[in-house]
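Values below: every heavy atom of this structure, side chains too, minus hydrogens, waters and symmetry copies. Chain A is the first sequence line, chain B the second, and so forth, proteins listed ahead of strands; every chain is numbered from 1.
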Protein chains: 2
Amino acid sequence: MKIERDLKNLPHKTIERLSQYRRALLICHEQGQTHIYSHEIAKIQHITAVQVRRDLMLIGYSGTLRKGYNVKDLIDLIGEIIDSKRGINVAIIGIGNLGRALINYFVGKRSHLEIVASFDINPDKIGNIMSGVPCYSIDELADKIHELHIEVAIMTVPADFATQTADALVAAGIKGILNYTPKPVNVPETIYLEEYDMITSLEKVAFYVKIQDLN
Amino acid sequence: MKIERDLKNLPHKTIERLSQYRRALLICHEQGQTHIYSHEIAKIQHITAVQVRRDLMLIGYSGTLRKGYNVKDLIDLIGEIIDSKRGINVAIIGIGNLGRALINYFVGKRSHLEIVASFDINPDKIGNIMSGVPCYSIDELADKIHELHIEVAIMTVPADFATQTADALVAAGIKGILNYTPKPVNVPETIYLEEYDMITSLEKVAFYVKIQDLN
DNA sequence: ATAACAATGTGAAATAAATAACAATTTATT
DNA sequence: AATAAATTGTTATTTATTTCACATTGTTAT
Ligand SMILES: NC(=O)c1ccc[n+]([C@@H]2O[C@H](COP(=O)([O-])OP(=O)(O)OC[C@H]3O[C@@H](n4cnc5c(N)ncnc54)[C@H](O)[C@@H]3O)[C@@H](O)[C@H]2O)c1
Ligand SMILES: NC(=O)c1ccc[n+]([C@@H]2O[C@H](COP(=O)([O-])OP(=O)(O)OC[C@H]3O[C@@H](n4cnc5c(N)ncnc54)[C@H](O)[C@@H]3O)[C@@H](O)[C@H]2O)c1
């Protein structure tokens, strides 16, 4: 009860950083490091040590004075906060260049997030298995989403198909969508939607490069 | 003088949205639409109409009461704000799956941002031309950055090479970096750095899906 | 002409996020 | 044992961003 309320009140930015802290911590852990200071985490993520401590405070983690944080414990706690106990199954819709890059990148990275299926409209791709992930026909979308308990979808279809794909996902009962097409899609409020477009990021970089020159 | 100061004071979020407004507006323009209301833009981007009006206020654009905003004028004004008059040349470092997806996606999209080169370490890729973009050896990085006036780089090399690649880019005089590897890199303050990692986004979606169920 | 409406533009308020400041405490040093 | 140094934890403050509230003003209908 208390935990649920806390989770909902965590700032969105904190959630993002927790994910990033964990990745950095996993690397430290692999290398045998047992403790880490807030300023060391901060350095890796180019943020301030206060920010790190504040985030950890929000999730109720206490370090040891003068020794810092226990790497293993912190990894586990972040997992308890952001991971789902049951694990979450993920599908990628559209196995083009971007979809392929994602599958390669994700597979085996996170035990609690598993890419269990991909979907495409191109008969040449349907039936293939890529990095262990089978590709199904988009016509089987609803069936497979139920059958494989897929809760999250990553959209990497051409922009012109974004709307219809999102509608199909919603109709099939998806709970979260990560949309990488440049076309914003509309979904009911009950479905968590995250959109990202690389052109926006690139134009932003270009903008700040431009205004630096105006100095 | 006045304009320079204004540009620097624009909120980062506004810059991102301007880029997105423009993309939506370009589509409207192609379809022959001459005017658009703030609430129509808002609907496309799933934000509020006030947010749109506030952003446009910040860049000093005035619409017509009851007619809304002139699509063409607004496209041009956004261009004046976020684009660089001289155009900006961009390079992609690492032509794997993600690099390829990016080249395909970007080429021909924005006239003021041109991908003029790519770099790789794999001899099989060096010398190829993909979507009109030549691939050079990473050894030529510094030379080509100067020769081709490349100001912005997109990093899509394996994570283990992120640090050395960033260092090489900085040494070569790059002005902005968009880092898509999951490894945060350190650059001098004078260089604008934007980092994005898909696992963070996916974990965020999974988190909000998870806590929805706790309701 | 006038009233009703529908839109923009913007100061003020609210919310979200980051930073500063510093107390508390452990460890190391003298 | 006392002092200095380093680090965490947290409240208060500041900054950034969004939303509210509403004045203003063309447009349409009567
Ligand atoms: N948002 C970003 O940052 C970013 C970056 C690069 C590319 N993209 C976008 O990602 C998407 C994919 O890019 P890409 O380079 O991989 O394109 P691509 O053409 O290589 O791949 C698209 C894939 O989707 C499949 N497809 C087409 N229609 C489909 C449908 N109705 N249902 C299921 N699958 C379908 C195609 O067969 C193909 O395999 C595009 O929308 C592109 O604009 C986005
Ligand atoms: N951040 C994200 O959201 C995201 C998503 C997917 C992939 N990735 C990352 O993007 C990067 C590329 O992913 P990918 O799937 O395209 O990998 P990939 O292995 O397909 O491509 C990497 C390319 O970089 C080249 N390369 C290797 N070392 C190099 C060097 N020193 N200099 C120049 N080029 C070099 C390789 O020859 C290869 O062509 C990886 O770091 C991956 O983790 C990031």
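- The shortest distance between the side-chain N/O atoms of B:Arg53 and the OP1/OP2 oxygens of C:dA6 is not below 4.0 Å.
- When rounded to the nearest whole Å, the span between OH of B:Tyr37 and P of D:dG26 equals 15 Å.
- Within the nucleic acid shown, A:Ser38 comes within 4.0 Å of sugar-phosphate atoms alone, with no base atom in reach, counting heavy atoms only.
- In this structure, B:Tyr37 has its ring center no closer than 6.0 Å to that of B:Tyr69.
- Scored by the ring-ring contact (aromatic ring centres under 6.0 Å, His included) test, B:Phe207 finds no partners at all (sequence neighbours excluded).
- Distance, B:Asn9 CG to D:dA16 P: 9 Å, rounded to whole Å.
- Summarising the base pairing, D:dG26 is matched to C:dC5 through a Watson-Crick or G-U wobble pair whose two defining distances lie under 3.5 Å.
- Of the side-chain N and O atoms in A:Ser62, one or more sit less than 4.0 angstrom from OP1 or OP2 of D:dG9.
- A pairwise comparison of heavy atoms in B:Asn179 and B:Pro184 identifies ND2-CA, 4.2 Å as the closest pair.
- When each of A:Ile121, A:Asp120, A:Ile138 is paired with A:Ile93, the side-chain contact (heavy atoms from CB on, under 4.5 Å) condition holds for A:Ile138 and for no other.
- No hydrogens or angles considered: nothing links the side chains of B:Asn70 and B:Tyr61 as a donor-acceptor pair under 3.5 Å.
- One atom, CD of B:Glu16, and another, P of D:dT18, lie 9 Å apart when rounded to the nearest Å.
- The side chain of B:Met57 approaches C:dG9 more closely than any other nucleotide in the set C:dA7, D:dA21, C:dG9.
- Of the listed nucleotides (C:dA12, D:dT7, D:dT17), D:dT17 has the atom at the smallest distance from the side chain of B:Pro11.
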Base-contact (B) and sugar-phosphate-only (S) positions in nucleotides 23-30 of chain C, heavy-atom cut-off under 4.0 Å, - elsewhere: --BBB---
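- For B:Glu16, the salt bridge (charged side-chain N to carboxylate O under 4.0 Å, His left out) partners two or more places apart in sequence, or in a different chain, are A:Lys204.
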